Amino acid sequence: MAQTSAVLFFSKPRLQSLLDELRTRGYCVVGPTIDQEAIIYDEILSVDELPRGWTDEQAPGQYRLRRRDDDAWFGYVVGPHSWKKYLFPPKTTLLSAEKTANGWEFIPRADDSTSFALLGVRACELAAIRIQDRVFLDGPYQDPLYRERRQRLFIVAVNCTQAASTCFCTSMKTGPRCEQGFDLALTEIDSGFLCDVGSDVGQDVIAVCSAVEATSEQQQSAASARQQAVDQIERRMDTSDLPGLLLGNLDHPRWKEVGDRCLSCTNCTMVCPTCFCSSVTEIRDLNMDRVDRERSWDSCFNPDFSYLGGSLVRNDTASRYRQWLTHKLDSWQNQFGTSGCVGCGRCITWCPVGIDLTEEVAAIRETSTP
Amino acid sequence: MSRKPRLAVFKFASCDGCQLSLLDAEDELLAICDRVDIAHFAEASSDLQPGPYDVALIEGSITTAEDAARIRRVRLDSKFLITIGACATAGGIQALRNWANVDDWVDSIYPSPEFISTLSTSTPIAQHVHVDFALHGCPINYHQLVDVLVALAEGRQPRIPSHSVCLDCKHRGTVCHVVARGVPCLGPVTQSGCGALCPAYDRGCYGCFGPSVPANTSSLLNKFRMLGQSPDQLVPLLRNFNAAAPEFQRAADQLTILRSNDEGTPS
Ligand code: SF4
Ligand code: SF4
Ligand code: SF4
Ligand code: SF4
């Protein structure tokens, strides 16, 4: 692409022109907004729907919305939703079949016509999308729905200017700076947004914002805003012996201890932006003349998920927790050549009992049997 | 099965809500009648045919000596016995009597208590006879009931998901009440079935579908205690429609021990 080296600047109200332009081009713009006492992702028509002046306070098993003492538009971190719901929807009908006079007629899934523009994608979330690209698009079998939506995706990334206590992207080398995989990447400062352009379409679209080249003072304040996020990250995960550490400690007593606390509730896998498991069920209507093949998000914490050959392979919570952590951090590497964790901290915040994977890894390392 | 299976519905101590959901399945009812022969269903028809039955649906709990004997006769008459709803599977809301003095209650409620003859407990059907399949919920989900009936007619396993209510919350995009508001919710220890209805309408889960398979009540209750909930608040949460389900019963009993310890502690 024709990379513009210049960093651009535009004033805050101009963001509305960007939204309008994206909508004119046929995108459904989804972004952060306040709902159910949290900052979630949903369709956004106006910049007034952004969580202006709000932030999120996070700790293991705890999330609270708080008023900020300024009017920042993107002054929060990451919330309960992740962008995966747009590329890999929670429920999809993959195929249907109907009985006709000439036998069964198969009805393929209708071509998906939705184009999404994501507004406010963080660096760890860009990394999560790259990981799901490998899962759904690499190799001989591609997921057609993911492919269709991914090809048409437009990404407006927003650099973090603060971090939550649960964030550890620096350990996973995924953030907090947005470096690749976006069409536009913004950094918010008091007077407006600095903007890096990452694609030709991005270049094209940004024209509506009447952006000008950023001054060096503006670039300075953007850099220090971004540095603030780096400085706030306290949580660490040592990855030097991953992969290997967890698969080498399958009998570690810690699995049983965490299994005693874990609820096997599936929340961690549902909020994780890289977890990709699903179940496919064929649902037949009572008259036996129509079948729908439905796919829905599923989880290795669902006992039934390991039902194989007439029994449950992972029949206790400790073995289910072990499956999650060894897959995320260890066997994922062999499978996809990356870690399955981008350090977003969602699984820590949204675990009802606050189980923290960084603590679990550290505990296993401490008394690891080499 | 080559012929249609013969179905019977029996009521014990219950509100009728679960068996009514069979009648509520208006759109499916005709198709169901094509697949099964409804031989005994007092709510629907006064033509009550005698057994033996291929399938008996049992609603309600055992609260009288007479019913304790009747369920044994039904068992002998039925090839496949399915309990439906919280009363049949866990004793129902009426199992609250298990922690009270029934005679006191009868005296305070009925004008002529001498006509009431009842056991001091309400117990699930499985404590009396062998149960082949249990369908949970207060009330049950009629889509699940329809699937069980069709599965029986087809000779396959019913598809009744056993994951926690939380998974359904996440499918719907509901923000977790425990994490974002510090509100107690039984979802993580409750089996799916309602599609996470209550959390979607601004309240924690009441546990209508009963304990999930891994139901780790002690870990969840620890969390609620940390959120500042007292045993006095938590016991009624567990002693509800599924009070006598073993996991909920044990957890509530442990809380009452904590409560008496708290009371015994000099302040
Ligand atoms: S494992 Fe946890 S921290 Fe890592 S990407 Fe998933 S949700 Fe985020
Ligand atoms: S951690 Fe569990 S739910 Fe997530 S991708 Fe792996 S097996 Fe699937
Ligand atoms: S680790 Fe937490 S969120 Fe994950 S299944 Fe266990 S209790 Fe649920
Ligand atoms: S609201 Fe309740 S059911 Fe829903 S995710 Fe939270 S704990 Fe689970």
Side-chain angles (χ1 to χ4, degrees), chain A residues 35-42 56 58-65 79-81 85 89-91 258-271 279 281-288 296-299 301-305 307 310 312 315-317 320 349-355, chain B residues 25 27-35 143 146-147 149-150 153-154 156-157 159-185 187-192 199-200 202 212-224 226-227:
Chain A
D35 185 34
Q36 310 171 60
E37 298 187 30
I39 296 167
I40 60 141
Y41 299 148
D42 206 346
D56 45 12
Q58 305 191 39
Q62 188 172 313
Y63 177 103
R64 291 292 182 277
L65 269 186
H81 289 187
K85 67 174 175 165
K91 278 190 200 307
V258 67
D260 288 343
R261 291 172 60 211
C262 173
L263 309 166
S264 212
C265 66
T266 77
N267 277 309
C268 47
T269 50
M270 293 295 110
V271 295
S279 283
T281 315
E282 266 160 24
I283 297 167
R284 189 165 37 162
D285 79 345
L286 270 178
N287 298 320
M288 310 252 280
S296 50
W297 287 357
D298 208 337
S299 163
F301 280 103
N302 173 7
D304 278 353
F305 199 60
Y307 185 84
L312 297 180
N315 204 3
D316 60 15
T317 300
R320 291 189 284 267
T349 299
W350 297 98
C351 170
V353 293
I355 293 174
Chain B
D27 298 338
E28 290 91 350
L29 206 52
L30 282 177
I32 292 174
C33 292
D34 275 353
R35 315 290 290 277
H143 296 287
V146 169
D147 187 68
L149 295 177
V150 175
E154 288 174 352
R156 65 162 166 87
Q157 287 233 6
R159 266 192 292 260
I160 305 301
S162 64
H163 57 73
S164 70
V165 174
C166 300
L167 186 100
D168 297 326
C169 266
K170 293 297 182 276
H171 280 180
R172 301 173 76 126
T174 303
V175 175
C176 179
H177 291 253
V178 177
V179 174
R181 308 181 197 202
V183 168
C185 170
V189 294
T190 299
Q191 174 169 332
S192 156
D202 272 358
S212 63
V213 179
N216 189 348
T217 46
S218 61
S219 177
L220 188 65
L221 290 172
N222 266 342
K223 163 79 179 197
F224 295 162
M226 272 157 33
L227 289 174

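Computed from a prediction, not measured in an experiment: that's the story for all the values here. First the proteins, then the strands, lettered A, B, ... as listed; each starts at 1.
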task: Begin from the C-alpha positions of A/R64 and B/R181 and carry the test side chain to side chain contact (heavy atoms under 4.5 Å, CB included) through to its verdict.
output: CA-CA 7 Å; A/R64 291 292 182 277; B/R181 308 181 197 202; 5.6 Å; no

If every non-hydrogen atom of [X] is compared with every non-hydrogen atom of [Y], which pair is closest and at what distance?
| X | Y | answer |
| --- | --- | --- |
| A/C262 | B/N216 | O-ND2, 2.9 Å |
| A/T266 | B/S164 | OG1-OG, 4.3 Å |
| B/K170 | A/W297 | O-CZ3, 4.1 Å |
| B/G173 | A/Q36 | O-NE2, 3.4 Å |
| A/R261 | B/S219 | O-OG, 2.5 Å |
| A/T317 | B/P214 | OG1-CB, 3.9 Å |

Between [atom1] of [X] and [atom2] of [Y], what distance do you get to the nearest 0.5 Å?
| X | Y | atom1 | atom2 | result |
| --- | --- | --- | --- | --- |
| A/D260 | B/S218 | CG | OG | 7.5 Å |
| A/D285 | B/E28 | CG | CD | 9.5 Å |
| A/M270 | B/C176 | CE | SG | 13.5 Å |
| B/S162 | A/L312 | OG | CG | 8.0 Å |
| A/D304 | B/I160 | CG | CD1 | 10.5 Å |
| B/H143 | A/I283 | NE2 | CD1 | 11.0 Å |

Non-hydrogen atoms of chain A under 4.5 Å away: do they reach the side chain of [X], the backbone, both or neither?
| X | answer |
| --- | --- |
| B/R35 | side chain |
| B/T174 | both |
| B/V150 | side chain |

Can you confirm whether [X] sits close enough to [Y] that some side-chain heavy atom of one is under 4.5 Å from a side-chain heavy atom of the other?
| X | Y | answer |
| --- | --- | --- |
| A/S296 | B/H171 | yes |
| A/R284 | B/E154 | yes |
| A/I40 | B/V175 | yes |

What part of A/T281 is in contact with chain B, defined as an atom under 4.5 angstrom from a non-hydrogen atom: side chain, backbone, both or neither?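 When you check distances to chain B, only side chain atoms of A/T281 fall under 4.5 Å.
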
**OP:** Tell me, for A/D35 versus chain B, whether the close heavy atoms (under 4.5 Å) come from the side chain, the backbone, both or neither.
**Re:**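 Only the backbone of A/D35 comes within 4.5 Å of chain B.
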
Margin query: As an exercise: rank A/L263, A/L65, A/T349, A/N302 by heavy-atom pairs under 4.5 Å with chain B and give me the winner.
Written below: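 Most pairs with chain B among the choices: A/L263.
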
**OP:** Flag the one option from A/G61, A/P303, A/G79 with the top tally of heavy-atom pairs under 4.5 Å to chain B.
**Re:**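 Winner by heavy-atom pair count: A/G61.
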
